[in-house]
2 protein chains.
Amino acid sequence: MTEPATVAPGRARGGRRDEILVTFTRHVAERGYDRANFGDVASELGLSKGTIVHHFGTKDRMLAEVQERYMRRALDEARAFLTRLDRPEHRLAAFVHAGVRYQTDDPATTIAFQREVVRLTDEPGMETARAQRDAYRDLVVGVLRDGEAAGVFVPGDARLRSLQMFGSLHWMWTWFDPQGRLAPEAVAAEFCRTLLRGLGVPETAVAQAADPDGPAAVCAREVVVG
Amino acid sequence: MTEPATVAPGRARGGRRDEILVTFTRHVAERGYDRANFGDVASELGLSKGTIVHHFGTKDRMLAEVQERYMRRALDEARAFLTRLDRPEHRLAAFVHAGVRYQTDDPATTIAFQREVVRLTDEPGMETARAQRDAYRDLVVGVLRDGEAAGVFVPGDARLRSLQMFGSLHWMWTWFDPQGRLAPEAVAAEFCRTLLRGLGVPETAVAQAADPDGPAAVCAREVVVG
DNA sequence: GTGAACTGACCGCACGTACGGGCAGAGTAG
DNA sequence: CTACTCTGCCCGTACGTGCGGTCAGTTCAC
């Protein structure tokens with residue numbers, strides 16, 4: 001179908017597996033995990049249900065793989081821009097810029113992940129993804145604590161603040177439209193401004209960190225896209 | 001079972017219907033709409049699946065009823081505390097205090113609603129609930145605009161800010177534990193502080209609006225509980 | 001030959017819903 | 001008060017369907 005000129009003509013060298021995962025991810029994003037099913041994915045790709053089972057075993061494992069891929073990427077990129085930025089307000093802003101950017105950069109995986117995050121908490125087989133998620137949150141909490149210690153952020157409950165921030169970002173899938181007239185940069189900037197100002201960052205630093213052409217946004221853009 | 005001394009001994013005056021809805025709501029909160037099923041609800045209540053169908057017709061309509069009940073209550077209560085409070089920062093804080101309070105006051109309905117909000121956007125039969133949701137958001141947007149016009153909030157995108165705020169609140173169901181050591185008042189206070197400070201409200205006004213014993217929190221508590 | 005990719009028929013089950021009937025209380029006529 | 005009917009709540013069963021997963025077998029590259 002949308003074969004992008006793979007190596008072998010008849011047999012894609014394992015790229016088929018990825019194709020399945022991508023399509024499944026899109027279905028999860030559109031309908032949710034429960035309503036996504038092998039039959040639809042298979043017929044859309046022109047192969048049989050058995051093939052999907054052959055590659056992934058069970059539906060649960062497929063979802064787990066989606067979550068792990070998403071989190072691995074997010075973690076890698078977060079660590080990348082943490083090494084490139086040093087000021088706490090820039091670091092925190094980069095998390096916001098990146099988080100918003102994922103909505104347009106890879107909407108399917110992002111939405112699939114956010115729709116089904118709750119399964120990380122109780123479902124078995126999700127241990128890896130859960131650990132990744134916790135690690136990611138710990139990165140943000142660390143930035144908040146560092147900033148607090150450095151006097152950049154006013155004292156407060158860092159964990160709670162991280163949850164407040166993640167809430168705003170993880171809720172985006174219910175209303176954000178990548179094709180809409182609201183640009184992701186505008187959303188990220190507004191979110192950054194309210195958040196950083198809310199943490200007590202001075203107005204000039206807020207403006208710089210929220211600016212779509214400022215160091216935090218630029219860094220996030222470079223890391224996330226390529 | 002848990003019959004609270006109803007009027008007629010043999011025949012509960014329609015309270016059975018409510019009982020079914022309450023149980024269904026709890027199941028949706030715990031497992032999500034797709035995994036909630038008539039069989040489990042029926043057996044838990046000691047009645048047959050047919051009874052549920054008799055009362056509600058279809059599963060969709062049951063969910064719609066849950067959403068509408070929740071939104072009707074939220075709307076009524078929001079209008080109530082808007083008439084009692086006049087300062088924008090207090091009004092906005094009341095939304096936050098109330099929103100957090102719902103998590104402990106009626107966790108099942110709140111979680112059921114928040115888990116399945118996305119169905120409001122596309123599913124048919126949800127028009128009423130969707131209109132209620134939009135009306136609720138418009139109330140918040142109105143408060144944000146008023147506060148901006150009055151010079152209490154710094155200029156910005158009111159709609160975007162409302163979404164940022166709702167995100168933090170609607171995401172709570174994924175992490176907040178009513179039995180946990182984190183009190184709802186503490187969460188509401190921290191959320192209020194970050195949000196209001198982020199909107200440019202002076203520190204003293206922030207402290208008052210966020211205070212669990214301040215006018216906004218007290219008003220929200222009175223309205224929400226009874 | 002060996003093994004991976006893939007097929008297509010099939011199983012078992014869970015779930016939403018339809019349907020016919022039972023049963024108890026309210027209303028009504030005598 | 002009695003007898004009869006009406007009505008709404010409720011039951012039990014059965015049906016259709018959709019879906020996850022199994023399995024024996026085929027094709028094809030190395």
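We name chains A, B, ... by the order of the sequence lines, and we start the count at 1 in each one. Fair warning: this is a prediction, and the values are worked out from it, not measured in the lab.
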Next on the checklist: Using a strict threshold of under 4.0 Å (side-chain N to carboxylate O), is an ion pair present between B/Arg26 and B/Asp40?
Outcome noted: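 Result for this pair is no, no salt bridge flagged.
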
Item to check | B/Asp34 bridged to B/Arg119 by N-O distance under 4.0 Å | outcome: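 Between B/Arg119 and B/Asp34 there is a salt bridge, with a charged N closer than 4.0 Å to a carboxylate O.
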
Atom [atom1] of [X] to atom [atom2] of [N]: distance rounded to whole Å?
| X | N | atom1 | atom2 | value |
| --- | --- | --- | --- | --- |
| B/Ile52 | C/dA18 | CD1 | P | 14 Å |
| A/Glu19 | C/dA5 | CD | P | 14 Å |
| B/Asn37 | C/dT17 | CG | C1' | 13 Å |
| A/Arg16 | D/dA29 | CZ | C1' | 16 Å |
| B/Phe56 | C/dA18 | CZ | P | 16 Å |
| A/Arg35 | C/dC15 | CZ | P | 14 Å |
| A/Leu45 | C/dA5 | CG | C1' | 14 Å |
| B/Ile20 | D/dC10 | CD1 | P | 6 Å |

Does [N] have its OP1 or OP2 closer than 4.0 Å to a side-chain nitrogen or oxygen of [X]?
| X | N | value |
| --- | --- | --- |
| B/His55 | D/dC9 | no |
| A/Ser48 | C/dT7 | yes |
| B/His54 | D/dC9 | yes |
| A/Thr51 | C/dA5 | no |

Tell me, do [X] and [Y] make a side-chain contact under 4.5 Å, heavy atoms counted?
| X | Y | result |
| --- | --- | --- |
| B/Asp106 | B/Tyr70 | no |
| B/Leu160 | A/Trp175 | yes |
| B/Phe38 | B/Met62 | yes |
| A/Arg91 | A/Leu139 | no |

Checklist entry - What's the verdict on side-chain hydrogen bond (donor to acceptor under 3.5 Å, both in side chains) for B/Glu77 and B/Tyr102, showing C-alpha distance, side-chain angles and the deciding distance? => result CA-CA 11 Å; B/Glu77 294 177 353; B/Tyr102 289 140; 2.5 Å; yes

Checklist entry - If you look at every strand shown and take non-hydrogen atoms under 4.0 Å, does B/Ala36 touch a base, only sugar-phosphate, or nothing? => result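 Touches sugar-phosphate only.
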
Extract from the structure each pairing of a protein N or O with an N or O of nucleotides 21-25 of chain D at less than 3.5 Å, listing the distance.
from: D/dG21; atom 1: OP2; to: A/Lys59; atom 2: N; distance (Å): 3.0
from: D/dG21; atom 1: O6; to: A/Lys49; atom 2: NZ; distance (Å): 3.0

